[in-house]
Amino acid sequence: MRKREAIITEAESRHRRGRFGDFGGCFVPETLIAPLRELEEAYVQAMADTAFRHELESYLRDYAGRPTPLYEARRLSSEVGGATIFLKREDLCHTGSHKINNTLGQCLLARRMGKRRVIAETGAGQHGVATATTAALLGQECDVFMGETDMARQSLNVFRMELLGARVVPVTAGSRTLKDAVNEALRDWVATSDHTHYCIGSVVGPHPFPLLVRDLQSVIGREARRQHLERTGNLPDCLVACVGGGSNSLGLFHPFLGDGVRMVGVEAGGKGTEPGEHGSTLCLGSAGVLHGARSYLLQDGDGQIVETHSVSAGLDYPGVGPEHAFLKDSGRAEYTNVSDAEALRAVEMLCSTEGILPALESAHAVAGAVELAREMPRSSSLVVCLSGRGDKDVNTLMDIRRGGR
Amino acid sequence: MSRIDDAFSARGGNGCALIGYATAGFPDRKTCLSIASSLLEHCDILEIGIPFSDPVLDGPVIQESSRRALESGFRVSDAFDLAAELRAASQKPILAMTYYNPVHRAGHAAFAAEAARAGLDGTLIPDLPPEEMAGWKEEADRRGIRNVLFAAMTTPQERLRYLDRSTGGFLYCFAVKGTTGMRDRLAGGLGDFMALARSCCASPLAIGLGISTPDQCRDAAALADGVVVGSALVKAAMDAIQDGEDPAARAGRLASLLKRSLAEQGAAQA
């Protein structure tokens, strides 16, 4: 009896590790408790296995194209007239965004766990494309859940996923965007976890996902830190990244947590501050539980999740990773937002000054960085995570321009 | 003894308890009350589902009923009003089935107080596993509200014992790996799972998820103390509305049919 109690207590204390202050946790139906523990154990073992780490590193280098450059944006910096702006070029990763850092790790883990199928949710399609790509690389079956609204505005990525051999499952529930795609992926996984791995695309979801995805994305910040030190001899003064679920931002921030560097996350300000007009979960939301974790949410007085809006499908999400909620409440990171219009101006600015077309998501970070850099001395420096390239958004940009905004 | 304990212990050899389900506020407040009242006549225990915007454990039928309830302006307080009206006419156990966020949003103390005032006997919160329930359970216990836990076919034996010790009233065993909704047949391995649960749990065991027909009820009744039917009852009401008929009568007829099949199984076992 005593021994059994000890085992349970040990299991419970292990479970508590999935906490970031009051945030995080594992709020899932009982059916998923065992698969999530299996995943946590497999992940801990894999990371302790040198052969696994080597394999992941070699794919990141030879397949994904890491390290990505840290590029000094001279013309942009001089146009702004403040801090020197460096771009961490995740847009140059294979598939066009930072998402592949995560999918390579998770799909290799799925293979190690003997799961033959991977599923994913996607908003902008960047995570869906990265998952479909990695699944093709490793010979895994792949289904990607995507809201119908997002399928329409990111049709190029839908076609890419299909070319890569994935099945794109349209989600018609709710607002038909990223949140609903996560719901549908969770429903699938509850029924299929014995042979399927849920390759979640951000630092959201139940423990151990926020930890796992953060660790896999931290390669962004580790490289940026080393590159900035090599280039300037110093650490940057400020880090800026966009926050939807929050994976590229946490990947950039995390290796700097002990350094006292200023960190700013930029959320989708959409077209206003009323419910349904934005995706500013940390700036305008409140604590709640969605998709398996306690974090900030956009919700009404009854705890119903409210709809969001952003010109960028990847930031159109009413939740956010629990570690960001913790960083906000502890004051270690700051969060702000920029509107659709400001993000669109940042796209044009980066195109015309540097010849780089950013994803609409990343354009939010660029817009936020421009604001911040302007107020900083010329001797200071700022690193922006350019999380993805904007080729997927060309149709949206064309529609907006022709629509004569 | 609570009403839930009575509902199981009074059964003895009289077959298995029928646990029905109605989505609160579907299709509207008034019709929902008549559907739930009709179900309560035939069922031994009634679950009232609180519609949630993101029901990740629910299949198409309950997603649809929840969506329609929310569209018609459902508020969480309507579910408490519904429970109070049902309680005024019945002494059978009534439980609230809810996702955790509405409870979190209201605050544990406020939600428990409302639940107690409405005469609810317990809660079922599928996304609140025992590791996360301490805050809610403390307030629920204070108000005499039982918090019913769930077991799944993926649950290992040690954890079944932990769930059994931690649950209130009974243990709700998922009959399938998946979401709510009707299935052609019960999952393979259900018999072994229920035998394992029986061997290590002292609480009454109910089976739910995917059970919809009298035959499935009969099969499930051989393995458990209670059988939960949800989507099939909601679907019956939904179909009746579609056909321009009385949803309360249609759902009530199905409940009485299911109840009879449980009684037959009880008689066969006795």
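Computed from a predicted model, the values in this text were never measured in an experiment. Order of the sequence lines sets the chain letters (A, B, ...), proteins ahead of strands, with each chain counted from 1.
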Visitor: Measuring heavy-atom distances to chain B, does A/Asp188 have an atom under 4.5 Å in its side chain, in its backbone, in both, or in neither?
Guide: neither
Visitor: Under 4.5 Å heavy-atom distance to chain B, tell me which part of A/Thr192 shows up: side chain, backbone, both or neither.
Guide: neither
Visitor: Heavy atoms only, distances under 4.5 angstrom: which of A/Gly301, A/Pro35, A/Gly292 has the most pairs with chain B? Name it, please.
Guide: A/Gly301
Visitor: Counting heavy-atom pairs closer than 4.5 Å to chain A, which one of B/Gly59, B/Ala152, B/Pro51, B/Pro156 comes out on top?
Guide: B/Ala152
Visitor: Between A/Glu41 and A/Arg37 (salt bridge meaning N to carboxylate O under 4.0 Å), is one present in this structure?
Guide: no
Visitor: What part of B/Ile50 lies closer than 4.5 angstrom to a heavy atom of chain A: side chain, backbone, both or neither?
Guide: neither
Visitor: Return the option, out of A/Ala34, A/Gly174, A/Gly288, with the maximum number of heavy-atom pairs under 4.5 Å with chain B.
Guide: A/Gly288
Visitor: Ion pair present between A/Glu30 and B/Arg159, side-chain N to carboxylate O less than 4.0 angstrom?
Guide: yes
Visitor: Quick one: what part of B/Phe52 sits under 4.5 Å from any heavy atom of chain A, side chain, backbone, both or neither?
Guide: both
Visitor: Could you tell me which portion of B/Ile125 (side chain, backbone, both or neither) has an atom closer than 4.5 angstrom to a non-hydrogen atom of chain A?
Guide: neither
Visitor: Got a salt bridge between B/Asp81 and B/Arg75, using NZ or NE/NH1/NH2 to carboxylate O under 4.0 Å?
Guide: no
Visitor: Using a cut-off of under 4.5 Å for heavy-atom pairs, which of B/Pro60, B/Ala106, B/Pro126 has the most such pairs with chain A?
Guide: B/Pro126
Visitor: State plainly whether the residues B/Arg68 and B/Asp28 are in salt-bridge range, i.e. N to O under 4.0 Å.
Guide: no
Visitor: Could you tell me how the ring of B/Phe174 sits relative to the ring of B/Tyr172: parallel (under 30°), tilted (30 to 60°) or perpendicular (over 60°)?
Guide: perpendicular
Visitor: Tell me, out of A/Arg294, A/His291, A/Glu184, A/Glu38, who's got the most heavy-atom pairs with chain B below 4.5 Å.
Guide: A/Arg294
Visitor: So does B/Arg161 pair up with B/Glu158, basic N to acidic O under 4.0 Å?
Guide: yes
Visitor: With chain A, which of B/Val103, B/Leu70, B/Leu128 has the greatest number of heavy-atom pairs at distances under 4.5 Å?
Guide: B/Leu70
Visitor: Can you tell me which portion of A/Ala185 sits under 4.5 Å from chain B's heavy atoms? Options are side chain, backbone, both or neither.
Guide: neither
Visitor: Is there a salt bridge (Lys or Arg N to Asp or Glu O under 4.0 Å) between A/Lys179 and A/Glu307? Walk through the geometry before answering.
Guide: CA-CA 9 Å; A/Lys179 163 192 83 123; A/Glu307 300 204 343; 5.7 Å; no
Visitor: I'd like to know if A/Asp180 and A/Arg176 make a salt bridge, using a cut-off of under 4.0 Å between side-chain N and carboxylate O.
Guide: no
